[in-house]
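Counting starts at 1 for both ligands and their atoms, following the listed order.
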Amino acid sequence: MKVRVRFAPSPTGPLHMGGVRTALYNYLFAKKHGGDFILRVEDTDEKRFVPGAQEYILQSLKWCGIEPNEGVGYGGDKGPYIQSERKALYKPYADQLVESGKAYIAFDTSEDLERMREQAKEMGLPNWQYNGVTRSSMKNSLSLSKEEVEKRLDAGEPYTIRMKMPRNVDVKFEDEIRGWVTVNTNNLDDKVLFKETGMPTYHLANIVDDYLMEITHVIRGEEWLPSAPLHVLLYDAFGWERPKFAHLPLILRPDGKGKLSKRDGDRLGFPVFPINWISKEGETYQGYKENGYFPGAFVNMLALLGWNPGDNQELFTLAELVEIFSLDRVGKSGARFDPDKTKWFNQQYLRATDNSELAQQMKSEFNELSTYENEYVAAVCSLMKERATFLGDIFAEGDYFFNEIESYDEKTVRKKWKDDTTPIMEELLAELKTINNFDTENIETCFSAYLNKNEYGFGKVGPGFRLLVTGKGMGPSMFDICALLGKEKVINRMEEGIAKVNALKASL
Ligand code: GLU
């Protein structure tokens, strides 16, 4: 049997990174087993529908490189893949359950239900439920006479269809991650399967679609574990073979206290969304993409958030993840999110990425760089990447490769620019001018010869030299920097810089 899994988000807002992880694990599982990864949009909850959310989900998956091979935006022969477009097909399934006695028709209005809840609360029972105990006192096809039910239906009275939850049955199923799960039906209520609006609820639509789309494994977040017994009973009620279930552990906040929520990102200063999302109130929720993360690093981090490869390896390409992913290495307990580790992943990806590839990305990300030769930007990347976490760091820390020096690092001026620095710089400048072939090696030889001749230590000459050429107190090798900038720029900067730094020093 071919493995078929699905990612089934509801378009109720932007996709949180937990959702991306669910999609990722489904993707990895499908690819590993040569199966299909399907994207289905579950939009039966009309009240919570958020315009733009579906597009956001598609774009996010695309950016992450975890694209479905079937479903919304990808086609396939089991569509449509948006539940609202499948609306007409669910009712017969609900009717089938009513006919077989597994479900029933209920006429209670929302006011009726509210009244029952209130009454129960007054009697000290805060969690009133529509279930095997209470249903006989409600208005439904089990409590009313057949004639009465017919009369109401003929009059066009709105109704819902509810699951007739059996009393005192142990529902058992084996979760691929958690092992055997048993829940007694006395703890479950008569869930609405079909709403008076003509829409199925999540539960019914989800089961019918998983069946019709021939889903073999349901891999989803832990928050759906409480719904699983109902889903299992629905499969049984229809006489359909159950898929395998795997409920993924929660993603916890960095302090380990509670589930990572949409709001935590802003509060704690890291993104929780794959790409930026602007709410209809105009609020921006930060995305990994816009914060300079590589999709590969983000996905690599997510893969290890709840799953482990069994050894200490941490860096994986998507293809490697596909190769070794398995559900039996997914943990049961919550996975703590670590924003610093996420940065570390990005740093590793940056280091591992080819310089000319980095250069291309830099040029498309920063408009100011578009006119530079790829080779030059690549050489800057090669010098700067060891010290950077994001491409933006290379641009910010290496601004002197692209712009003239506008300011000098005050701390360095204060500490390292001494009274004798000016003559030393003038002498060094004179030496540098004599170099014909201004390459790394010759610059280094010239510089060392100057130190030796005067018996100067590096600390006496190096910082001033760096300050004049880059404006900074730190950075990669000065010989490499100078060779890349070229003789003319280096000489100019030194000539013009000495007076500027002296003026600054005097003002401090
Ligand atoms: N629509 C549900 C969600 O938003 C899907 C849950 C499931 O995968 O069954 O997560």
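Looking at E42 and R40, a side-chain N of the basic residue comes within less than 4.0 Å of a carboxylate O on the acidic one, giving a salt bridge. Between K341 and E314 there is a salt bridge, since at least one side-chain N of the basic residue sits less than 4.0 Å from a carboxylate O of the acidic one. Taking a cutoff of 4.0 Å between a charged side-chain nitrogen and a carboxylate oxygen, D108 and K139 do not qualify as a salt bridge. A salt bridge links E222 to R178: at least one charged side-chain nitrogen sits closer than 4.0 Å to a carboxylate oxygen. The pair K244-D175 does not count as a salt bridge, with every side-chain nitrogen at least 4.0 angstrom from each carboxylate oxygen.
Note: no N/O pair closer than 3.5 Å links P9 and ligand 1 by distance alone.
Which parts of ligand 1 touch N206 is read off a 4.0 Å heavy-atom cut-off, strictly below it: atoms 7 (C), 9 (O). Each of the following atoms of ligand 1 lies closer than 4.0 Å to a heavy atom of E42: 1 (N), 2 (C), 5 (C).
Within the 3.5 Å criterion, the main-chain N or O of M163 finds no donor-acceptor partner in the side chain of K191.
Evaluated by nearest non-hydrogen atom to atom 8 (O) of ligand 1, the leading choice among R6, E223, R48 is R6. The option with the heavy atom closest to atom 9 (O) of ligand 1, from among W224, Y202, F245, is Y202.
Distance from atom 4 (O) of ligand 1 to its nearest protein heavy atom, with residue and atom name: S10 OG, 3.2 Å. In this structure, atom 5 (C) of ligand 1 lies nearest to the protein heavy atom A8 O, 3.1 Å.
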